[in-house]
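Please read the structure below before turning to the comments.
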Amino acid sequence: MTDYRERMQRRLDALRDREELNIVAIESSCDETACAVLRNGRVLSNVVASQIEIHRRFGGVVPEIASRNHTLAIGTVVRDALDQAGLRLQDADCFAVTYGAGLLGALLVGVSYAKALAYATDKPLIAVNHIRGHIAANYLAEPTLQPPYVCLIASGGHTAIAYVRSYTEIEILGQTQDDACGEAFDKVARALGLPYPGGPQIERLAAQGKPTIELPKPLHDRDTLDFSFSGIKTAVINYVRNREQKGLPVPREDLAASFQERVCEWMSDNAVRAALRQGTDTVVVAGGVGANGTLRAKMRDKAAARGLRVLYPPLGLCTDNAAMIGAQAYYAVRCGARACGLDLDADADARMTD
Ligand code: KG4
Ligand code: ZN
């Protein structure tokens with residue numbers, strides 16, 4: 001067992017300075033089965049099989065159904081990614097896989113599949129943290145980006161502001177004390193009768209309304225970079241119930257616009273404040289909520305007003321994909337990553353600082 005890991009480590013170390021480096025990356029942490037092929041950190045193919053339609057009827061992701069559908073899809077997704085990249089499996093120099101955080105059963109599908117590919121081809125495997133992957137999506141969009149910089153992480157499971165010290169080290173400067181922002185978008189959407197996933201639906205509805213409804217903003221004025229979204233979420237849900245009980249119409253568009261405005265204002269404020277505090281000239285956005293147009297516009301305007309550079313990945317790289325996992329793996333290999341043994345396990349609660 002140890003022999004195997006050590007042999008893989010030697011193989012991985014030999015790739016550090018290799019001119020051409022092909023990485024095959026797999027992601028299956030939630031409801032997207034994804035595989036991407038990268039050469040020298042650039043994407044050759046990026047295949048994502050989404051299960052959104054399957055889970056929509058349940059109003060959210062059902063973990064066991066997600067795992068089963070990953071099992072059904074993963075073989076085809078990997079084959080398609082290799083075909084589109086024009087790469088044979090044996091031409092992969094190393095494999096990368098998301099080991100956490102995410103749904104345990106879903107993660108296990110990707111982890112087991114990647115271990116099997118690595119073992120069968122006798123190539124090293126790297127375990128990548130999902131949130132580190134989201135951050136690394138920015139390197140794909142902007143190859144000139146280099147740490148250190150500040151990153152607003154806004155996903156379905158996490159909301160935090162990180163100081164990205166190097167390609168492999170991050171520090172948390174602030175984070176949500178309760179719900180993640182994407183989770184709040186999804187719950188508010190459900191209260192407004194919108195289907196899963198709620199974020200894009202709220203954005204669409206908000207475009208028809210005005211942010212005129214007062215919602216709470218706990219912590220906002222305090223000297224902290226932390227967040228809390230449950231108060232705003234509950235306020236929206238109570239507002240809807242109240243109106244319905246009184247038989248009054250619910251101003252859904254204005255509520256969506258007010259919720260989106262408040263949440264995006266807060267996240268962009270904290271992100272820019274963090275960049276100024278850290279003395280960095282670059283602030284980047286990562287995660288599914290980073291696809292939100294209001295958040296992007298606010299980041300752009302606030303960063304420009306302070307002379308900061310702001311970056312966000314293209315929309316398709318904000319939500320879950322494997323290209324971002326391959327990107328993080330690429331920089332990890334160049335910096336001296338650890339090769340996994342055959343005992344690699346999934347970790348549903350993996351912390352992004354691990
Ligand atoms: O990063 P992600 O794909 O998955 C996790 O790692 O959690 O984020 C998914 C989240 C969902 O909550 C979804 O509603 C939200 O991102 N989202 C959006 C938008 N697109 C996706 N939220 C607001 N506006 C959007 N356009
Ligand atoms: Zn994600």
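Counting starts at 1 for both ligands and their atoms, in listed order. Computed over heavy atoms, backbone and side chain alike; hydrogens, waters and symmetry mates excluded.
In summary, an N, O or S atom of H130 is located under 2.8 Å from the Zn ion (ligand 2).
You'll find the side chain of V236 stays beyond 4.5 Å of the side chain of N238, heavy atoms only.
For R68, the CZ atom is loosely surrounded, since the number of other residues' heavy atoms within 6.0 Å does not exceed 12.
The atom of D320 nearest to the Zn ion (ligand 2) is OD1, with the search restricted to N, O or S atoms.
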- Task: Could you give me the CA-CA distance, side-chain angles and deciding distance for K302 and E265, then say whether salt bridge (charged side-chain N to carboxylate O under 4.0 Å, His left out) is met?
- Result: CA-CA 10 Å; K302 287 182 197 202; E265 181 69 17; 2.9 Å; yes
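The aromatic rings of F227 and F229 lie parallel to each other, their planes meeting at an angle below 30°, with 60° marking the opposite boundary. Ring orientation note: the planes of Y139 and Y331 are tilted relative to one another, at an angle of 30° to 60°. The aromatic rings of Y4 and Y119 sit tilted, their planes meeting at an angle between 30° and 60°.
Separation of atoms CD1 (I170) and CE (M352) is listed at 6.0 Å; rounding is to 0.5 Å.
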Between ligand 1 and the protein, which N/O pairs fall short of 3.5 Å?
{"residue": "ligand 1", "atom": "1 (O)", "partner": "H134", "partner atom": "NE2", "Å": "3.0"}
{"residue": "ligand 1", "atom": "1 (O)", "partner": "G288", "partner atom": "N", "Å": "2.9"}
{"residue": "ligand 1", "atom": "3 (O)", "partner": "D320", "partner atom": "N", "Å": "3.3"}
{"residue": "ligand 1", "atom": "3 (O)", "partner": "D320", "partner atom": "OD1", "Å": "3.2"}
{"residue": "ligand 1", "atom": "4 (O)", "partner": "D320", "partner atom": "OD1", "Å": "3.3"}
{"residue": "ligand 1", "atom": "6 (O)", "partner": "H130", "partner atom": "NE2", "Å": "3.0"}
{"residue": "ligand 1", "atom": "6 (O)", "partner": "H134", "partner atom": "NE2", "Å": "3.4"}
{"residue": "ligand 1", "atom": "7 (O)", "partner": "G156", "partner atom": "N", "Å": "2.8"}
{"residue": "ligand 1", "atom": "7 (O)", "partner": "G157", "partner atom": "N", "Å": "3.1"}
{"residue": "ligand 1", "atom": "8 (O)", "partner": "G156", "partner atom": "N", "Å": "3.2"}
{"residue": "ligand 1", "atom": "12 (O)", "partner": "G182", "partner atom": "O", "Å": "3.1"}
{"residue": "ligand 1", "atom": "12 (O)", "partner": "D186", "partner atom": "OD1", "Å": "3.4"}
{"residue": "ligand 1", "atom": "12 (O)", "partner": "D186", "partner atom": "OD2", "Å": "2.8"}
{"residue": "ligand 1", "atom": "14 (O)", "partner": "D186", "partner atom": "OD1", "Å": "2.7"}
{"residue": "ligand 1", "atom": "14 (O)", "partner": "G199", "partner atom": "N", "Å": "2.9"}
{"residue": "ligand 1", "atom": "20 (N)", "partner": "G288", "partner atom": "O", "Å": "3.4"}
{"residue": "ligand 1", "atom": "24 (N)", "partner": "N292", "partner atom": "ND2", "Å": "3.0"}
{"residue": "ligand 1", "atom": "26 (N)", "partner": "E203", "partner atom": "OE1", "Å": "2.8"}

